[in-house]
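Single-structure report; data block below.
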Protein chains: 4
Amino acid sequence: MAIATVSTGETVVIQTDDAFGSQVHSEADLPSTVNKWPYVNPQTGPTLIEGARAGDTLRVEILSIEPARDYVVSAFIPGLGGLVPSDNTPMLSKDLDEKVFIYRLDEDGVHFSENIVLPYAPFLGTIATAPELEAVSTISPGDFGGNMDVPDIGPGALIRLPISVDGAFFFIGDAHAAQGDGELCGAACEMPARVRLRFELEPGQAIPLPEIETEQEVMVVGSARPLEDAVRRASSYLVELMVARYGFDSATAYQLLTHAGRLRVGNIVNPRYSVAARIAKAFLPPRRAGVARLGEVTSG
Amino acid sequence: MAIATVSTGETVVIQTDDAFGSQVHSEADLPSTVNKWPYVNPQTGPTLIEGARAGDTLRVEILSIEPARDYVVSAFIPGLGGLVPSDNTPMLSKDLDEKVFIYRLDEDGVHFSENIVLPYAPFLGTIATAPELEAVSTISPGDFGGNMDVPDIGPGALIRLPISVDGAFFFIGDAHAAQGDGELCGAACEMPARVRLRFELEPGQAIPLPEIETEQEVMVVGSARPLEDAVRRASSYLVELMVARYGFDSATAYQLLTHAGRLRVGNIVNPRYSVAARIAKAFLPPRRAGVARLGEVTSG
Amino acid sequence: MAIATVSTGETVVIQTDDAFGSQVHSEADLPSTVNKWPYVNPQTGPTLIEGARAGDTLRVEILSIEPARDYVVSAFIPGLGGLVPSDNTPMLSKDLDEKVFIYRLDEDGVHFSENIVLPYAPFLGTIATAPELEAVSTISPGDFGGNMDVPDIGPGALIRLPISVDGAFFFIGDAHAAQGDGELCGAACEMPARVRLRFELEPGQAIPLPEIETEQEVMVVGSARPLEDAVRRASSYLVELMVARYGFDSATAYQLLTHAGRLRVGNIVNPRYSVAARIAKAFLPPRRAGVARLGEVTSG
Amino acid sequence: MAIATVSTGETVVIQTDDAFGSQVHSEADLPSTVNKWPYVNPQTGPTLIEGARAGDTLRVEILSIEPARDYVVSAFIPGLGGLVPSDNTPMLSKDLDEKVFIYRLDEDGVHFSENIVLPYAPFLGTIATAPELEAVSTISPGDFGGNMDVPDIGPGALIRLPISVDGAFFFIGDAHAAQGDGELCGAACEMPARVRLRFELEPGQAIPLPEIETEQEVMVVGSARPLEDAVRRASSYLVELMVARYGFDSATAYQLLTHAGRLRVGNIVNPRYSVAARIAKAFLPPRRAGVARLGEVTSG
């Protein structure tokens, strides 16, 4: 039931739809009407990764994300959002009215208003492998990745995902042209996109949570509620990672994150909130032998 | 009962003790022994601000923060920390062992280890006016400021604090030479310091929560538990502020924060967690007449 | 792929395994060894309910729950429990040691110790229909029911479950001989059981969350994290239910729950916590015509 | 600055005002107008307890609570309530309209409506000694007691409170004629009252959290946010109490609470939520020598 099979080392282009399934084109297209909830946030996949085995780690280099349209869409959607009553945090008082926002997108960025242009800073809101046990809605993030909405998952980043099922069953979607921390109202600058990727495998390297590596930083994404538990999940595993790969003892790693770690709140609107705990590579010693870093792996 | 009175416009130097009351000098000085809990995090103040009236806003420019010692102190303290059982989140399993960390501080920064030097990035963990009603422990942040542990409260920043009592009863302390987001273990690079400040008043400008303004950003600090409520408090008031001072309507401000807002987690270890919601000034129109900006006020 | 088809009105006996798949018989059988996580909490089903259509409500009368063994099993399991570090709330400090507890069960109850016998108060930890969209682990509760661990789901209770898929695809398991509120360590008095049930349908009566009705009370189960959101979900929908079925206006229902509502914490250990919000029938007026109550429906 | 001094063993009658300072008498008296926030929930006290020393425990027997008025008051108050946007959980959407509810109170109970009479089940929403360090608003509960809103604090109950300051500085208020779990809207059936009490001291018996003892149960009240942390605080200390006073080992106590403990949610509306963790005395062995139980202490 995969839509394609990809070899490691190949450069691949994947087209993604927007989170509304391209059903919202104007302010008149209310998501609660044009979408059939909860069948939203369509993904492209699953893609089989040749040679991937359960227990391996999938490395995904994001080479580029180009918009497939000249506008982006956002919306206030009933039951969704961090600053309004929502399905998980219901209130007896009324929600905000549903409302669609259409913004022009061009080489200057997202034209938020006559005076405000937001830089084009694209990333994949959703990137995942198949989880081991459950079939999870594309709205939800989890240990397999999913709808994390972490803005660091953009061009130039290397994403590591756990592989729980032979073939990996990789999928992506939910590209955003721009997003603030937390994705407060629940819908960022949503767009369909053309995404160039390259895959590698780290055989026999099981990881528990998604990792992100950029030129500057190493990150772990933890998803949980309440938000402090997302911080705990990401940070605790980042401590473990620093011990396993960089030779720290646990107390020293906890100290270093206390003094130099960073946290980025991906979303506070999805069924689990996502936080990226991160440390600058400048503070990390060379990685231990046998564990590949960004750019080190070459395909076979 | 104030220790001093200060006029607006004057440049003032305030000496602050470290969070351990300068009782920890070596790894043998365990905080649970040398400190008498909960009498920790000593503050310098209260300082009366001449002319300050309840309902005004206090503007504090932080001009410089210099260390008063050539080392900083951190520690694992029983019952404290975001990644261990704590007083607020107790567990039946054992905590980590208590442990003190002493790091040399010089012009290069904090000498975390032989190979790792952390840049000197000082700020005030605690800055406050007197709350209206309660007498609050210096360990706790609140709407009056307090132990927020937000790293943006450093040199070059302008802090706005609500004034709830005539005279303001300003106090500061808990200077940190460096701190990661969340202050994970509960003790940053703690140091005594010499802090240069300048005060101004915004008469009749009541604000509900502390604000931070830097050259680049406008921020609001919300303190609450769970952590998502700190995000909600900071972000909701930032929306209100954008409406009141920059002429946005509420829906547009909510949209702009969704696409371009940032969040910084100050602490996840204090009685209330603190989050700074922020927006780049580049995305804000000129401020409305009658409301002073950074650098605009001159003392009388 | 259902294991059986059942007609409404029939009395049915279903055998359920215990949460450990009957692999734990002595203190030497550590769950982390004898079970293959996360493949635990096996369920019996799915059972097709004849005539059930998506959008109907399934009524399940629990007639009896009998133990299929003369002992029950509990355990401290790494990563599980409300008072220890867990997968969702990880800590850097050590968890409690894994440990199995076997208690004799006879007509007097659960022989907890020489001096303490706990009354036999059986219920189904897990009861569910198939969710619409996801395939959810049997460890998790949700709007479809699932692993709620609410002790009121015992003999004499009428459970209402949303039907999201034609046929309902009903399943049960995880019988407990006794359980405290919150199921603190994550494993109650676990036993295999013989469960007698009778099903009815309420055609065209869609409900959003599971309901429980006993001789004394009407309840709604909300599952969410943090725990206050489980309270909000259960209570908000109970207000709606009181409006729709008993003729209250929303403000009066909110008042009545404020003064006379009760809350029971089912679990604080599963991927979502579960709370049953409840109101005594003594405070409710007769139900509105056309909406069936306990015992009113007779099968066709 | 105490209003009275009381000897142990004496029976004392204390008059308490209602939470609105008796300013709300009709539906026209909106709390936001007639009260000056946050100066609400007035308490009677502090009362000095003769001979009380910091480090002792104060035992308060509640002998009776009689209404001082023939009606009770509740209200929807802006910024307050568990099912609406609130000061701690703000939303951009509108709150419910402010609204006052007046209910007649007589020997039959609280006349909620023509058809619904709620039994008179009085208790003290607020009961406290002075905290060691802070001056805390009467709206907030804490380790010193305070605004816990736990309905078990009624006639027949024995309350144990930590004494942090010589003299204890005891105070009470906020009597409720009836309240549901969670006090959902934030205002129960509020009434002024005449409260008969008797005090004893347990010298040198420091306790960390308030305890409640009834004929049937032993309870600990934990106050924290999020709500699961209130459960953790109450339950963890109840485990410790079972170890210290009843001779359990920690693992057995954790098991017993898992299978037979109960939780009651006092409030989900105050600055800290309160939960009473409880165990039936029927499951407890005789208390260890030297530790007084309900009714055992006689004054000197």
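All values reported here derive from a predicted model rather than from experimental measurement. All values below come from the heavy atoms of this structure, side chains included, with hydrogens, waters and symmetry mates left out.
- Among Asp95(B), Leu83(B), Thr89(B), the one residue that satisfies the side chain to side chain contact (heavy atoms under 4.5 Å, CB included) test with Met91(C) is Thr89(B).
- Taking both residues in full, the closest heavy atoms of Leu92(B) and Leu96(C) are given as O-CD2, 4.1 Å, listed atom of the first, atom of the second, then distance.
- A 6.0 Å sphere centred on CZ of Arg272(C) holds no more than 12 heavy atoms belonging to other residues, nucleotides or ligands.
- Taking non-hydrogen atoms and a 4.5 Å limit, the residue list of residues 117-124 of chain B in contact with chain C is empty.
- Without hydrogens or angle criteria, Ser93(C) side chain to Val84(B) main chain gives no donor-acceptor distance under 3.5 Å.
- With sequence neighbours left out, the side-chain hydrogen bond (donor to acceptor under 3.5 Å, both in side chains) criterion links Asp108(B) to no other residue.
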